[in-house]
Amino acid sequence: MMRWLSLAGLWLLNFTAAQELPPVSGLPHPVVLRRIPVDERWNLVAALSSSHPCEPAPLPCWWTTKDRLGILLEDRIDPRKLRPLAIGPGPNDDCSTRVERFTPDELVLSCTSEKWATYDNQKFIFDERGHKLANHFAYAPFAAERLLAGPEFLMKAGAGRLAVAIDSANGDPRVTKADAPPPPAPSEAAFGRFRLSKEKNRYGEEFPVIVGDGKVYRLPQSELQPDTAEMNEQIGPHQLADGFFWFGKTFYNGEGATGAGGFGYFDPETASFHLFHPAEMTAWSVSAILVEPDCIWLGLEHRGEYGNYPGGLVRWDRNRQTLRKWELASVATSIVRADDGIYLGLTDGIAALRGDRAVSFFVDRSAAGQYRMAARN
């Protein structure tokens, strides 16, 4: 656990309501991560002073061991009056932090590396409704590992697993099993006389192919443009529906390799591929797929040298052949319909599609070690 110090004497008192901060310990880039009211007099503020330029919330900011996070109370009538609670450095030198949840009772910050690896969440608990810092601890974030029958999301953090189902009363995800077993081995995709198999490319790397009738059916590659990198489009997430083998295309984009995003299906009757390449998907790999009678849902991601980052969620209307897009702050790894709603397994939690936005939840932990699903805010 990092050492947290009193802020007294470190924060200058020219804090303004314009969400600006003075330098802390000589650091040149101050920013308010989030400000919330705790009562009729005080705001609770989470602020960061960094050696790197920091974008305004809700974008992530670098929080290294050389930077300082401050938690303080600000007088709502006179912002020059401050009551410092704590100040502390980042947990490591590769942490880009984001506010996951901030209430008068708790603050949770996530920590992501430059190449999108994840570190422990940092949680702060307040007494007296935001007037005192009572506890600070860290815990590993959970990712959606598999989608099981039910539907049920299997969440994983290291060797630990939780089962999460959708509450039929309010439509929110909830933890149903705190010590879930590992998932069963995935079964081989088979459709008629065809099945999904593996083949090696010239670099010795495996990629998926369809085999059947003694033949190998490789995914057709998009045409190369002049002076472009080598195409490496592959069959990605897939689903059997309508008698077809539907799939999203995935490709590595960097270091001499590229591709063109899209999706399609393999028709076992004609042993042929049928591909769709909406312009809005050209730059993106598909990370998740759900085929429904009237539409196809697709999670998007960029796969590159600096890790994978999200490209949102799209819905392709099968009749009109048009796309609608929702922004996501995390990569979707699975999509399912439950209780007439669309839910997404994420690399850092679960999202529920509600109207024009995706409401995001993450696995939170109490000081006593109990887990629950908490809404990001």
>> When you group the ILVMFWY residues by side-chain heavy-atom contacts below 4.5 Å and let the links chain together, are Val286 and Trp297 in the same group?
In response: no
> Heavy-atom distance under 4.5 Å between the side chains of Ile36 and Pro104, does that happen here?
Replying inline: yes
> How about Pro186 and Arg146: do any of their side-chain heavy atoms sit closer than 4.5 Å?
Replying inline: yes
> Are the side chain of Thr333 and the backbone N or O of Gly345 linked by a donor-acceptor pair below 3.5 Å?
Replying inline: yes
>> Assess whether a salt bridge exists between Glu106 and Arg372, defined as any Lys/Arg side-chain N lying under 4.0 Å from an Asp/Glu carboxylate O.
In response: yes
> CH2 of Trp63 to CZ of Arg98: how many Å apart, nearest 0.5 Å?
Replying inline: 14.5 Å
>> For Asn121 and Ser110: C-alpha separation, side-chain torsions, deciding distance, then whether side-chain hydrogen bond (donor to acceptor under 3.5 Å, both in side chains) applies.
In response: CA-CA 5 Å; Asn121 289 346; Ser110 61; 5.1 Å; no
> Are Leu344 and Leu290 joined in one hydrophobic group, where the rule is that I, L, V, M, F, W and Y side chains link up if heavy atoms are under 4.5 Å apart?
Replying inline: yes
> Atom CZ in Phe207, atom NZ in Lys200: separation rounded to 0.5 Å?
Replying inline: 11.5 Å
> Looking only at atom types and distance, does a side-chain atom of Trp326 sit under 3.5 Å from a main-chain N or O of Gly355, one as donor and one as acceptor?
Replying inline: yes
> Between Arg34 (side chain) and Asn377 (backbone), is there a donor-acceptor pair under 3.5 Å?
Replying inline: yes
> What do you reckon, are the aromatic ring centroids of Phe245 and Phe194 less than 6.0 Å apart?
Replying inline: no
> Is Val99 linked to Ile71 within one hydrophobic cluster, defined over Ile, Leu, Val, Met, Phe, Trp and Tyr using a side-chain heavy-atom separation of less than 4.5 Å?
Replying inline: yes
> Glu100 and Arg376: side chain to side chain contact (heavy atoms under 4.5 Å, CB included), yes or no, with the steps?
Replying inline: CA-CA 5 Å; Glu100 301 297 314; Arg376 290 183 167 94; 2.2 Å; yes
> So Trp42 and His131, would you call those rings parallel, tilted or perpendicular, with 30° and 60° as cut-offs?
Replying inline: perpendicular
> If you measure from CG on Leu300 to CG on Leu313, what distance do you get to the nearest 0.5 Å?
Replying inline: 7.5 Å
> Hey, mind stepping through Leu44 and Phe126 against side chain to side chain contact (heavy atoms under 4.5 Å, CB included) and telling me if it holds?
Replying inline: CA-CA 10 Å; Leu44 188 60; Phe126 307 109; 3.7 Å; yes
>> When you group the ILVMFWY residues by side-chain heavy-atom contacts below 4.5 Å and let the links chain together, are Tyr265 and Val314 in the same group?
In response: yes
>> Taking the side chain as everything from C-beta on, heavy atoms only, tell me whether Trp316 gets closer than 4.5 Å to Gln321.
In response: yes
>> Between Ser285 and Phe251 (side chain of the first, backbone of the second, donor and acceptor by atom type, cut-off under 3.5 Å), is there such a pair?
In response: yes
> More than 12 foreign heavy atoms under 6.0 Å from CD of Glu269: is that the case here?
Replying inline: no
> Taking NZ, NE, NH1 and NH2 as the nitrogens, is one of them in Asp39 or Arg129 under 4.0 Å from a carboxylate oxygen of the other?
Replying inline: no
>> Please determine whether the number of non-hydrogen atoms from other residues, nucleotides or ligands lying under 6.0 Å from atom CG of Asp179 exceeds 12.
In response: no
> Would you say the side-chain atoms of Asn92 pair up with the backbone N or O of Asp94, donor to acceptor, closer than 3.5 Å?
Replying inline: yes
>> How long is the straight-line distance from CG of Asp364 back to CZ of Arg101, given to the nearest 0.5 Å?
In response: 7.5 Å
> Does some side-chain heavy atom of Thr347 sit less than 4.5 Å from a side-chain heavy atom of Thr118?
Replying inline: no
> About how many Å separate CG of Leu353 and CG of Leu328, when rounded to the nearest 0.5 Å?
Replying inline: 8.5 Å
>> side chain to side chain contact (heavy atoms under 4.5 Å, CB included), that's the test. Do Phe137 and Ile125 meet it? Break it down for me.
In response: CA-CA 9 Å; Phe137 58 91; Ile125 297 178; 3.6 Å; yes
>> How close do Ala138 and Asp120 get, counting heavy atoms only, and between which atoms?
In response: CB-CB, 3.9 Å
>> With a 4.5 Å cut-off on side-chain heavy atoms, are Leu69 and Leu48 touching?
In response: yes
>> With a sphere of 6.0 Å drawn around CZ of Arg354, does it hold more than 12 non-hydrogen atoms of other residues, nucleotides or ligands?
In response: yes
>> Are there over 12 heavy-atom neighbours, none belonging to Lys325, within less than 6.0 Å of that residue's NZ?
In response: yes
> Would you say the side chain of Met281 lies within less than 4.5 Å of the side chain of Phe276, judging by non-hydrogen atoms?
Replying inline: no
> Are Phe142 and Tyr371 close enough that their ring centres sit under 6.0 Å apart?
Replying inline: yes
> Side chains of Cys61 and Ser50: closer than 4.5 Å at any heavy-atom pair?
Replying inline: no
> Do the side chain of Asp317 and the main chain of Cys295 share a donor and acceptor less than 3.5 angstrom apart?
Replying inline: no
> After noting the C-alpha distance and the side-chain angles of Arg195 and Val211, does the key distance pass the side chain to side chain contact (heavy atoms under 4.5 Å, CB included) rule?
Replying inline: CA-CA 6 Å; Arg195 61 182 176 85; Val211 296; 3.5 Å; yes
> Taking the side chain from Glu233 and the backbone from Ser222, do they hold a donor-acceptor pair closer than 3.5 Å?
Replying inline: yes
> Quick check: does any side chain N or O of Lys156 sit under 3.5 Å from a backbone N or O of Gly158, one acting as donor and the other as acceptor?
Replying inline: yes
> Does a donor on one side chain and an acceptor on the other come within less than 3.5 Å for Asp93 and Thr65?
Replying inline: yes
> Is the backbone of Pro268 close enough, under 3.5 Å, to the side chain of Arg193 for a donor and an acceptor to pair up by distance?
Replying inline: yes
>> How close do Leu147 and Pro151 get, counting heavy atoms only, and between which atoms?
In response: CD1-CB, 4.2 Å
> Could Glu206 and Lys198 be called an ion pair, given the rule that one side-chain N must be under 4.0 Å from one carboxylate O?
Replying inline: no
> Can you tell me if Asn201 uses its side chain to pair, donor with acceptor, with the backbone of Tyr203 under 3.5 Å?
Replying inline: yes
> Does any non-hydrogen side-chain atom of Phe153 lie less than 4.5 Å from one of Ser334?
Replying inline: yes
>> To the nearest 0.5 Å, what is the distance between CG on Asn232 and NZ on Lys249?
In response: 10.5 Å
